[in-house]
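The structure under discussion is supplied below as structure tokens; questions concerning it will follow.
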Protein chains: 2
Amino acid sequence: MKQKNVSLNDIAKSLGVSRALVSLVLNGKAAEHGIAESTCQRVLAKASELNYKPNQLARSLRLGRSFTIGLVVSDISNIFYSKLARAVEDLAERAGFSLVICSTDEQVDKEQKLLRLLQNRQVEGIILSSSQADCDDLTRLKNDGVPLVLIDRKLDCKQLSTVVSNNRLGGEIGTKHLIDSGYKRPLALAITPAHISTISERVKGYTNAVTEVGIAPWVAEVPFEEVPSYVEALIGRLKAENRLPDSIFALNNSVTSAALVALKKHGLDVPASVGLISFDDIPYFEFMNPAISAVEQPIAKLAEVAFGRLMDQINGSSATAYESLTVELPVNLIVRESTTKQQPN
Amino acid sequence: MKQKNVSLNDIAKSLGVSRALVSLVLNGKAAEHGIAESTCQRVLAKASELNYKPNQLARSLRLGRSFTIGLVVSDISNIFYSKLARAVEDLAERAGFSLVICSTDEQVDKEQKLLRLLQNRQVEGIILSSSQADCDDLTRLKNDGVPLVLIDRKLDCKQLSTVVSNNRLGGEIGTKHLIDSGYKRPLALAITPAHISTISERVKGYTNAVTEVGIAPWVAEVPFEEVPSYVEALIGRLKAENRLPDSIFALNNSVTSAALVALKKHGLDVPASVGLISFDDIPYFEFMNPAISAVEQPIAKLAEVAFGRLMDQINGSSATAYESLTVELPVNLIVRESTTKQQPN
DNA sequence: CCAATCACCTAAATCGATTTAGGAAATTTT
DNA sequence: AAAATTTCCTAAATCGATTTAGGTGATTGG
């Protein structure tokens, strides 16, 4: 069934030369080794005649380079991560790297297992959106010599190169926008576990903003395993008790979806009854009715900076050595219809 | 910087035994080779003491198995493909395979380049949603001994195992739903290039359905590089000329988005002015206003069947040899608000 | 005619694992 | 005590490439 692939040796044998010669020629090092032009031609011709495909596994083993990097996120089918993955893929491809993508489902043990797996596969570096609460495991990985860049989520950790959005500021901007639009009682919809830095930072930003104008913070924490049902129950309860917020800041795209479902199900109009702004912009928000306001993350830029840092680590260049270890990139407020408060009250 | 990894040899040396011994023990073949229990313990202890990580590259080279498969689609950031990727990832992981994901941007030359790359990397199989018009290239790949399964899009080709949705039937069902809802003049929004089987099949289904009830087919072909602008211009023109369709069947998720944008921009109410149904369901459709009706593809099932067939090819089992080479899986109509015609006219 | 130079190529080690055939020492059998 | 087994382990080939130090034969120089 699976016939043996053509190897360097096969070419060498069928030409009666050494495989060193063949390797040199095929790697374009013929000139610097003074290999006769005519020999080059013969090798090249034979290689294409036999349809030679270099075995990258062997090459990688010998060179100690796999030309592969890993991207580990919680769920590649989440649109935020799939956009990020695509951006990383393009950068990697241009740099001659393949990309292995893994999803952790927010499970720390799965994350650890996948990281070990990638390490065993000799990936040259890893870009990771970690679900871990501390960075012991990751520091160990890094000390093992695996270039590592954290993306999206930061850990409380001085050692690891990290690239994130400015989530705190995003939380602030979004909240201020609600306040500026006339909302008096904005509810922040967060998600557990609480150690996920993106969410906690956004909550901080929210809290700062409301506190500053004398509004008491109001944060609901949604367990990530049961987002839709929990949010629906929450909205239902608040409505029944006549304690609805006048606006909601949904702090990531999964709670935004849940909130939209719940509001629709309970017949609550956006923005007439409840204003809504989302952390994370989604293509579909633009043409929804109402169009959803959002705090947009610079996905392409995140990928770019993270990938750049990873390459610096791989190439051992000290370019980023003197920069701050953690970069926070600016986010962008997109005002649409879902935060347009109708009447002043 | 990058210290050398601990190898089998290091363990062997530091224990004064052969590396064959170490390999056998670590692979659990100690018993069948009559290796002393005490020796096993020493090896295991030393391996964990030195924090040994097996080099999968070396292992793969020796075994002739990379435990990696490739998934090649047009764009991993498209939600359809990212859901598919996630499903494949889970299956692959359970089977002990890593997944390399590549995007082709619908470019045939890029697809060919990526396939070659994957082949050089010795992936054990490839799941491919191809942008190619014919299958010469792919047949060659397969004949090279690379297990290959086409997914999502089929080619006009008798040789390649293929797993797709029943797109023709989906086109029919969606169109019939429009007709049954009282629409008289449904426009099918297709996309070029025309050789993409998903779209051409859906158009066929649409055409069958309208023809059957005596309605003339009306298909607009949108060039895939300029979907949003083209669709907007089209809707604008039709509106200006007072030739608007009473409903639209958007034949994939990119034109659906474009149609929604265009309709909103031109102030056309869905479904009051124009009904809309989408091929491909998207999570966001459920809670949009109006909620969008859709023909849903069985993504998980597609992944499952394709992966199963790939494994059969890899394992050389003839399980699927007698089945039809192409499977078409049933799709599902989801009726929501966007196809609710108000008044009979 | 011998040595130096040049042009061209090869041998062999190496990366890190797996696997098979077989060997040495200890034990049992007769 | 010699022969036959057992028990436990090793040598060496192998996967397919890369790379370095060196070798061979022809040409040139003196």
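For the numbers below, each heavy atom of this structure counts, side chains included, while hydrogens, waters and symmetry mates do not.
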In a table with atom names and distances, give each donor-acceptor pair under 3.5 Å that connects a side chain of residues 38-51 of chain A to protein atoms at least two apart or in another chain.
| from | atom 1 | to | atom 2 | distance (Å) |
| --- | --- | --- | --- | --- |
| Gln41(A) | NE2 | Glu37(A) | OE2 | 2.6 |
| Arg42(A) | NH2 | Leu15(A) | O | 3.3 |
| Lys46(A) | NZ | Glu49(A) | OE1 | 3.3 |

Legend entry - Under-4.0 Å salt bridge between Arg140(A) and Asp137(A):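 Looking at Asp137(A) together with Arg140(A), the answer is yes, because their closest N to O distance falls below 4.0 Å.
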
Legend entry - Lys29(A) side chain, from C-beta outward: closest of dT19(D), dT19(C), dT18(C):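 Given the options dT19(D), dT19(C), dT18(C), the side chain of Lys29(A) is closest to dT19(D).
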
Inset, instruction - Could you tell me whether Arg153(A) and Glu111(A) have a side-chain N and a carboxylate O separated by less than 4.0 Å? - result: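 Answer for the salt bridge query: no.
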
Inset, instruction - Within residues 33-41 of chain A, find the residues that approach DNA chain C with a heavy atom at under 4.0 Å, and present them sorted by residue number. - result: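 Only His33(A), Gly34(A), Ile35(A), Ala36(A), Thr39(A) qualify.
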
Inset, instruction - Say whether Arg121(A) and Ser98(B), considering side chains only, have a donor N or O and an acceptor N or O under 3.5 Å apart. - result: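 On atom types as modelled, these side chains qualify, holding a pair under 3.5 Å.
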
Inset, instruction - Measure the distance from CG on Leu24(B) to P on dA21(C) and round it to the nearest whole Å. - result: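 Taking atom P of dA21(C) as the reference, CG of Leu24(B) is at 14 Å.
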
Inset, instruction - Kindly state which residues belonging to residues 53-61 of chain B come within less than 4.0 angstrom of DNA chain D, counting heavy atoms of the residue only, listed by number. - result: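 Those residues whose heavy atoms fall under 4.0 Å from DNA chain D, taken from residues 53-61 of chain B in numerical order, are Leu61(B).
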
Legend entry - Cationic N near anionic O, under 4.0 Å, Arg94(A) to Glu89(A):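 Salt bridge between Arg94(A) and Glu89(A), a charged N being under 4.0 Å from a carboxylate O: no.
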
Legend entry - Donor-acceptor pair between Asp75(B) and Ser77(B) side chains, under 3.5 angstrom: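 Yes, Ser77(B) and Asp75(B) have a side-chain donor paired with an acceptor closer than 3.5 Å.
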
Inset, instruction - Answer yes or no: is there an ion pair linking Asp105(A) with Arg86(B), defined by an N-O contact shorter than 4.0 Å? - result: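 Looking at Asp105(A) and Arg86(B), the cut-off is met.
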
Legend entry - Qualifying residues under side-chain contact (heavy atoms from CB on, under 4.5 Å), relative to Ala300(B), sequence neighbours excluded: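 Not a single residue meets the side-chain contact (heavy atoms from CB on, under 4.5 Å) criterion with Ala300(B).
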
Inset, instruction - Nearest 0.5 Å please: distance from the CD1 atom of Ile76(A) over to the OH atom of Tyr81(A). - result: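 Rounded to the nearest 0.5 Å, the CD1-OH separation comes to 10.0 Å.
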
Inset, instruction - Measure from CG on Asn27(A) to P on dT19(D) and round the result to the nearest Å. - result: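 Those two atoms, CG and P, are 7 Å apart.
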
Legend entry - Rounded distance (Å) that lies between atom C1' of dT18(D) and atom CD of Glu32(A):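 These atoms are roughly 12 Å apart.
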
Legend entry - Distance-only donor-acceptor check, side chains Tyr52(A) and Asn5(A), under 3.5 Å: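 The answer is no; no qualifying pair exists.
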
Legend entry - Nearest-Å distance for atom pair CG/C1', residues Leu63(B) and dT20(C):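 Those two atoms, CG and C1', are 15 Å apart.
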
Inset, instruction - With a 4.0 Å heavy-atom cut-off, tell me which residues in residues 8-22 of chain B come close to DNA chain C, sorted by residue number. - result: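 Nucleic-acid contacts, sorted: Leu8(B), Arg19(B), Ala20(B).
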
Legend entry - Relative orientation of the end axes in the helix from dC1(C)-dG30(D) to dT30(C)-dA1(D), expressed as an angle to the nearest 10° (five pairs per end):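 The end-segment axes of the helix from dC1(C)-dG30(D) to dT30(C)-dA1(D) are tilted 70° relative to each other.
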
Inset, instruction - Please work out if Ser7(A) contacts a base, only the sugar-phosphate, or nothing of the nucleic acid, heavy-atom cut-off 4.0 Å. - result: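 Answer is sugar-phosphate: Ser7(A) comes under 4.0 Å of backbone atoms only.
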
Inset, instruction - Could you tell me whether a side-chain N or O of Arg19(B) sits under 3.5 Å from a main-chain N or O of Lys13(B), the two making a donor and an acceptor? - result: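 A pair under 3.5 Å: no.
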
Legend entry - Ile126(A) and Val146(A): CA distance, side-chain angles, deciding distance, side-chain contact (heavy atoms from CB on, under 4.5 Å) verdict: CA-CA 7 Å; Ile126(A) 296 174; Val146(A) 181; 4.0 Å; yes

Inset, instruction - Say whether Gln159(B) and Thr139(B), considering side chains only, have a donor N or O and an acceptor N or O under 3.5 Å apart. - result: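 No, no side-chain donor-acceptor pair sits under 3.5 Å.
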
Inset, instruction - Would you tell me if any nitrogen or oxygen in the side chain of Ser23(B) comes within less than 4.0 Å of OP1 or OP2 on dT18(C)? - result: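 Yes, because at least one side-chain N or O of Ser23(B) sits under 4.0 Å from OP1 or OP2 of dT18(C).
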
